[in-house]
Amino acid sequence: MPVMMAGTHLVLFIGCTIALLASSTASASIVEHSLHVQNLTVWRLCRPQVITAVNGSLPGPTIKAREGDTLVIHVFNRSPYNLTIHWHGIFQRLTSWADGPNYITQCPILPGSMYTYRFTITGQEGTFWWHAHVSWLRATVYGALIIRPSRGHTYPFPKPYKEVPLLLGEWWNANVVDVEDVSQLLGINPNNSDAYTINGKPGVLYPCSRKRQTYKLKVVPGKTYLLRIINAALNNQLFFKIAGHALKVVAVDATYTNPYVTDIIVLAPGQTADVLLTADQSTGAYYMAGHPYFNAENASPFANTTTTGILIYEGASSANPKMPLLPAFNDTPTAHKFSSSLTSLVGAPHWVPVPSKVDERMFITIGLGLSPCGGNATCLGPNGLRFSASMNNVSFQWATSMSLLEAFYYNIKGIYTADFPDVPPLVFDYTNRGLSQSPLGFALKGTRVKKLKYNATVEIVLQNTAFVGVENHPMHLHGFNFHVLAQGFGNFDPINDPKKFNLVNPVFRNTIGVPVGGWAVLRFQADNPGVWLFHCHLDVHLPWGLATVFVVENGPTLSSILPPPPADLPKC
Ligand SMILES: *[C@@H]1O[C@H](CO)[C@@H](O)[C@H](O)[C@H]1NC(C)=O
Ligand SMILES: *[C@@H]1O[C@H](CO)[C@@H](O)[C@H](O)[C@H]1NC(C)=O
Ligand SMILES: *[C@@H]1O[C@H](CO)[C@@H](O)[C@H](O)[C@H]1NC(C)=O
Ligand SMILES: *[C@@H]1O[C@H](CO)[C@@H](O)[C@H](O)[C@H]1NC(C)=O
Ligand SMILES: *[C@@H]1O[C@H](CO)[C@@H](O)[C@H](O)[C@H]1NC(C)=O
Ligand SMILES: *[C@@H]1O[C@H](CO)[C@@H](O)[C@H](O)[C@H]1NC(C)=O
Ligand SMILES: *[C@@H]1O[C@H](CO)[C@@H](O)[C@H](O)[C@H]1NC(C)=O
Ligand SMILES: *[C@@H]1O[C@H](CO)[C@@H](O)[C@H](O)[C@H]1NC(C)=O
Ligand SMILES: [Cu+2]
């Protein structure tokens, strides 16, 4: 039950000595929920499977609040695994402790333990989601997090008749933790998933899924629905389409966009899109469908199946729905057209202009590589090596003895080094497909972070590399949104490409699919002290090291200093 705190701007944290100013208008609420994480046996694809699930459902419960509210979420870990929860897209202003990534901002919640996440939603509204940030648990531990405008505020588009979360997911006929462990042990690609899902259901194109395992959305003719679409899949970008219907994109990653009408959307894992759908076609049934946008070159086979749900008009039969024609799996032009057509809606709620003065410039290569197997283990990757990934020739090494945030806060040495390089060690033809070995060599593992002064403006060129294979990596930044100034294919051209920067209304988001064999330029303002992970949101690449961390120092005022950790923060 939300507890009202009418007529006050002050929200006091219980068990915490500081008071935080909530930004909102007349009232802000405390929204309190419990999440119970435990084994659940579910039937999918003709067989039972034990999964780690939240509150006995897949996806887990949708959490709803308003801008300005304080969320208090008690997480009970009754699963056999270490657990943390991340609130994807939430800035966590002055609450870096509640961000969630394992060993970055906290130690895990041990099996049998609980932890309470407390944070206030300041200056953000839209479609977010929550998910586990340990191992591969997010395959089944995820749900929607919907932030509505604060009381008295409205959307910058006509109020929809209904709002519907659509969570796209990925399903294994296996224990996902085992799938991940085996691939790590052998240094190889993990097994592909067995299905994609819409709100946890695979749909009619998979065995035993026709009746109860197909998501259905009933609509009233003439009404407009706000679909809050979330790509919660582990390792695949997804095309999504609804037969016969136009989709009007009005927000991505919880920032408003100029309305963009399309019949196809593409989302990378971690991205969200708010889409208006009007039931303006002839009364009947229509499939919605999703399948991968797969762009890795020289890659092993991928999960090339298709998930479906059914849109049914009131009064219509669900028989013989029309099927949309999805793009080819490797249709990069269609994916790129969608991603590069989005612009932010100037003047919309929480709109932020592009900061003009840049304090820190970084050029970061992102890509796959190989590394020695290690010890006397046996790897089954190419030439007996293991797959690896790096940013500027650093393959991220996860800490294990404490979180980086504790090391930062208590000034403990030896957990990380603040020497993540601003540029790669070598300038080369990054996207040359003909190289038989990486000019960078074997990237060394390291917990190397980039330190930023409070409120520094950071501009990053992300450049994909071709060794092992080019691929569109969805890079996700914790703690901030970034402006996407430009993106393109091939090597970034420092002379001519800056002329194409959109400094007026670039899309403002938390996850960018960097074009395959290409580049993207981001800019953000580091106005939030704490420790923030920046990583590829394909879970297959995360343990390979496709990550780094920004450590943002405290600012000069009370409202720019990170408060102490919550008393119940899990210990390692
Ligand atoms: C939960 O599932 C795991 C994996 O299948 C299993 O090892 C464990 O025994 C189960 N725990 C309980 C309490 O059922
Ligand atoms: C999750 O389940 C618990 C236990 O049944 C319940 O108390 C809680 O309200 C549920 N949480 C949500 C967000 O539905
Ligand atoms: C991976 O797939 C292979 C072949 O289908 C299967 O034998 C193996 O058990 C799977 N591994 C895991 C960990 O699920
Ligand atoms: C999916 O991939 C398999 C090989 O891995 C191939 O035989 C099959 O034709 C592909 N299906 C589609 C729909 O592309
Ligand atoms: C190599 O394997 C042996 C036997 O399993 C083990 O005792 C030893 O610690 C291993 N060495 C390394 C470096 O992993
Ligand atoms: C990349 O890192 C490895 C390991 O530290 C090093 O051997 C190699 O020289 C580096 N590459 C370049 C181009 O400096
Ligand atoms: C942060 O820097 C911007 C300029 O980039 C400035 O406008 C703003 O006032 C600064 N904010 C704080 C809190 O210092
Ligand atoms: C769970 O977390 C604890 C505390 O950090 C750690 O000691 C333990 O090794 C972890 N367990 C696994 C299976 O990773
Ligand atoms: Cu990746």
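Counting starts at 1 for both ligands and their atoms, following the listed order.
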Establish whether [atom] and some protein heavy atom are separated by less than 4.0 angstrom.
atom	answer
atom 2 (O) of ligand 8	yes
atom 9 (O) of ligand 7	no
atom 5 (O) of ligand 7	yes

* Asked: Taking the side chain from R523 and the backbone from H483, do they hold a donor-acceptor pair closer than 3.5 Å?
  ->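 Checked: no pair found.
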* To do: Please check if the side chain of E170 supplies one atom and the backbone of L234 the other of a donor-acceptor pair under 3.5 Å.
  =>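 Yes, because the side chain of E170 sits within donor-acceptor range (under 3.5 Å) of the backbone of L234.
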* To do: Give yes if a backbone or side-chain nitrogen or oxygen of N82 is under 3.5 Å from a nitrogen or oxygen of ligand 8, and no if not.
  => yes
* Indicate yes or no: does an N/O atom of Y103 lie under 3.5 Å from an N/O atom of ligand 8? =>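 Y103 vs ligand 8: N/O contact under 3.5 Å present.
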* **ligand 7-proximal atoms of K357, by part, heavy-atom distance under 4.0 Å** => neither
* Shortest-distance N, O or S atom of H473 relative to the Cu ion (ligand 9) ->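 Of all N, O or S atoms in H473, the Cu ion (ligand 9) lies closest to ND1.
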* Asked: So which of the N, O or S atoms of H541 lies nearest the Cu ion (ligand 9)?
  -> ND1
* Asked: Considering the options I364, V394, N393, which one meets the side-chain contact (heavy atoms from CB on, under 4.5 Å) requirement together with P421?
  ->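 Output: one option passes, namely V394.
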* **Partner of F387 by side-chain contact (heavy atoms from CB on, under 4.5 Å), out of V468, V540, L368** =>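 So, applying the side-chain contact (heavy atoms from CB on, under 4.5 Å) to F387 and each of V468, V540, L368, only V468 qualifies.
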* **For N455, atoms of ligand 7 separated by under 4.0 Å from a heavy atom** =>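 Numbered from 1, ligand 7 contributes 1 (C), 2 (O), 3 (C), 8 (C), 10 (C), 11 (N), 12 (C), 14 (O).
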* To do: Could you tell me whether K450 and E360 make a salt bridge, using a distance below 4.0 angstrom between a side-chain N and a carboxylate O?
  => yes
* Output yes when D539 and R138 qualify as a salt bridge under the 4.0 Å nitrogen-oxygen rule, no when they do not. => yes
* Whether C107 lies under 4.0 Å from ligand 8, heavy atom ->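 No; C107 lies far enough from ligand 8 that no heavy-atom distance drops under 4.0 Å.
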* Asked: Just which atoms of ligand 8 are under 4.0 Å from any heavy atom in P108?
  ->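 Selected atoms, number and element: 2 (O), 5 (O).
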* **Test item: side-chain donor near acceptor, H476 and H535, under 3.5 Å** => no
* Asked: Under 3.5 Å, is there a donor-acceptor pair between the N77 and S113 side chains?
  -> no
* Could you find the nearest protein heavy atom to atom 13 (C) of ligand 7 and give me its residue, atom name and distance? => Y454 OH, 3.6 Å
